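Written below as structure tokens is the structure these notes are about.
Values reported hereafter were calculated over all heavy atoms of this structure, with side chains retained and with hydrogens, waters and symmetry mates removed. Keep in mind that what you see is a predicted model, and the values were worked out from it rather than measured.
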Amino acid sequence: MNPVVGVDGCPGGWIAVRWGRKLSHHVFRSFADVLAMDARVIAVDMPIGFPPQSGRLAEREARARLGARQSSVFSVPARAAVMCTDYRAACDANLLNSDPPKKVAKQIFHIFPKMREIDALLTPALQSRVYEVHPELAFWAMNGETPLPLPKKAKGRPHEPGLDLRRGLLQARGFPLALLPPATYRRAEVGADDLLDACACAWSARRIAGGRALRYPAQPPIDERGLRMEINA
């Protein structure tokens with residue numbers, strides 16, 4: 001079984017679930033360490049490729065499928081905004097590169113460092129191995145391409161019924177969740193839902209490796225660095 005890796009950003013860096021003959025999870029401080037893992041496919045929940053104008057077709061197509069869960073997919077700001085390290089400058093850059101003019105949400109600005117980190121490392125050639133995915137789109141695919149009725153968070157806190165629903169979907173769709181080693185991470189390093197999301201990314205990675213994944217859009221546009229702007233599930 002060719003190993004695959006699912007990756008989600010977390011407060012401590014990157015939480016990676018490696019799914020091969022055995023199941024394991026690891027926290028890495030840098031995405032370069034993730035790239036060094038032995039894996040046929042690395043599927044990461046982080047935008048790859050930034051548009052000149054705010055918003056990508058990939059997010060619009062993903063949101064159209066997620067119903068009440070569509071707010072989990074944020075609109076990717078313009079490349080000029082993502083490259084800003086100052087919040088006010090990022091808002092100004094996005095206002096100039098969006099129609100209608102739109103500032104950058106603080107929540108999105110806080111993950112700009114991770115977005116820039118991936119952008120600095122990835123090349124078009126590496127996209128034969130590293131793919132953008134989204135956990136909620138993965139769960140949608142697991143659920144018979146139907147939006148989930150329960151959120152994974154409510155009022156900013158983990159929503160256990162929603163998390164249980166997602167755990168059940170992973171197990172029902174072939175992910176050996178029961179074999180996942182216990183996690184002893186501090187909440188300041190890995191959030192309650194981060195490891196679960198990385199498992200969903202690993203499930204998508206296995207589908208990508210097997211040629212069974214869905215891709216949105218089907219014909220992805222290319223950004224100025226030659227990177228495909230797509231979300232896979």
Side-chain angles (χ1 to χ4, degrees), residues 1-49 72 107 110-123 125-139 141-142 152-153 158 160 162-164 166-210 212-213 227 231-233:
M1 179 185 291
N2 289 328
V4 298
V5 172
V7 188
D8 190 38
C10 63
W14 305 90
I15 175 71
V17 170
R18 186 176 184 272
W19 184 12
R21 294 188 182 279
K22 294 182 178 180
L23 202 59
S24 60
H25 51 82
H26 319 264
V27 172
F28 296 102
R29 299 301 174 192
S30 74
F31 197 75
D33 292 332
V34 175
L35 291 178
M37 297 182 79
D38 174 27
R40 164 67 184 85
V41 168
I42 296 173
V44 58
D45 176 24
M46 194 60 62
I48 295 174
S72 65
Q107 183 180 6
H110 289 320
I111 65 170
F112 275 10
K114 283 186 167 61
M115 293 166 68
R116 291 193 294 266
E117 182 183 358
I118 284 187
D119 188 67
L121 291 167
L122 280 193
T123 63
L126 270 177
Q127 280 193 292
S128 64
R129 180 171 176 252
V130 183
Y131 293 79
E132 180 182 341
V133 296
H134 194 285
E136 207 59 32
L137 198 64
F139 289 121
M142 293 179 211
K152 66 182 180 183
K153 286 185 176 181
E160 281 304 322
L163 295 176
D164 285 343
R166 288 159 177 79
R167 294 184 187 106
L169 284 170
L170 279 164
Q171 292 173 327
R173 297 303 179 188
F175 185 86
L177 194 60
L179 300 180
L180 192 70
T184 57
Y185 304 116
R186 294 183 296 113
R187 187 172 297 181
E189 286 190 330
V190 180
D193 58 330
D194 292 332
L195 182 57
L196 191 62
D197 282 350
C199 291
C201 293
W203 183 85
S204 291
R206 178 59 55 83
R207 279 166 55 94
I208 293 167
R212 303 185 304 276
L227 301 173
I231 300 177
N232 299 271

query: Can you tell me if Arg129 uses its side chain to pair, donor with acceptor, with the backbone of Leu35 under 3.5 Å?
result: yes
field: Salt bridge Arg166-Asp193, side-chain N to carboxylate O under 4.0 Å
entry: no
query: Looking at side-chain heavy atoms only, is the closest gap between Leu196 and Leu170 below 4.5 Å?
result: yes
query: Which atom names give the shortest non-hydrogen contact between Met37 and Ala16, and what distance separates them?
result: SD-CB, 4.0 Å
task: Apply side chain to side chain contact (heavy atoms under 4.5 Å, CB included) to the pair Met115 and Met46, showing each step before the final yes or no.
output: CA-CA 7 Å; Met115 293 166 68; Met46 194 60 62; 3.7 Å; yes
message: Is it true that, when you exclude Arg212 itself, more than 12 heavy atoms of the residues, nucleotides or ligands shown sit nearer than 6.0 Å to its CZ?
response: yes
message: Once rounded to the nearest 0.5 Å, what's the spacing between atom NE2 of His25 and atom OH of Tyr185?
response: 4.5 Å
- line: Nearest heavy-atom approach of Ala125 to Ser128 is O-OG, 2.8 Å
- request: Apply side chain to side chain contact (heavy atoms under 4.5 Å, CB included) to Val17 and Ser24, showing your working.
  value: CA-CA 6 Å; Val17 170; Ser24 60; over 6 Å; no
- prompt: Atom CD1 of Ile118 and atom CG of Leu126: how far apart are they, to the nearest 0.5 Å?
  reply: 11.0 Å
query: Which pairs pass salt bridge (Lys or Arg N to Asp or Glu O under 4.0 Å) with one or both residues in residues 26-40, sequence neighbours excluded?
result: Arg18-Asp38, Arg29-Glu189
message: With heavy-atom distances below 4.5 Å as the criterion, would you say the side chains of Cys199 and Leu177 are in contact?
response: yes
- request: Check whether any side-chain heavy atom of Trp19 sits under 4.5 Å from a side-chain heavy atom of Pro3, and report yes or no.
  value: no
- prompt: Asp194: what forms a salt bridge (charged side-chain N to carboxylate O under 4.0 Å, His left out) with it, not counting sequence neighbours?
  reply: none
query: Which atom names give the shortest non-hydrogen contact between Phe139 and Ala200, and what distance separates them?
result: CZ-CB, 3.6 Å
message: For Trp14 together with Phe31, are the ring centres under 6.0 Å from each other?
response: yes
field: From Ile111 atom CD1 to Asp45 atom CG, the distance as rounded to the nearest 0.5 Å
entry: 8.0 Å
task: Check whether any side-chain N or O of Asp197 sits under 3.5 Å from a backbone N or O of Asp8 as a donor-acceptor pair, and report yes or no.
output: no
query: Which is it for Tyr131 and Val4 under the side chain to side chain contact (heavy atoms under 4.5 Å, CB included) test, yes or no, and what are the steps along the way?
result: CA-CA 11 Å; Tyr131 293 79; Val4 298; over 6 Å; no
- prompt: How long is the gap from CG on Leu227 to CD on Gln127, to the nearest 0.5 Å?
  reply: 5.0 Å
- request: May I ask you to decide whether Asp119 forms a salt bridge with Arg116, counting only side-chain N to carboxylate O separations under 4.0 Å?
  value: no
Derivation and outcome, side chain to side chain contact (heavy atoms under 4.5 Å, CB included), residues Leu195 and Leu180: CA-CA 10 Å; Leu195 182 57; Leu180 192 70; 3.8 Å; yes
His134: which of Ser204, Cys201, Ser72 passes side-chain contact (heavy atoms from CB on, under 4.5 Å): Ser72
message: Tell me if a side-chain donor or acceptor on Trp203 pairs with a main-chain N or O of Ala233 at a distance below 3.5 Å.
response: no
- request: Could you tell me the separation between the CG atom of Leu137 and the CD atom of Glu132, rounded to the nearest 0.5 Å?
  value: 10.5 Å
query: Are any side-chain N or O atoms of His26 and backbone N or O atoms of Ile15, one a donor and one an acceptor, separated by less than 3.5 Å?
result: no
query: How long is the gap from CZ on Arg207 to CZ on Arg173, to the nearest 0.5 Å?
result: 9.5 Å
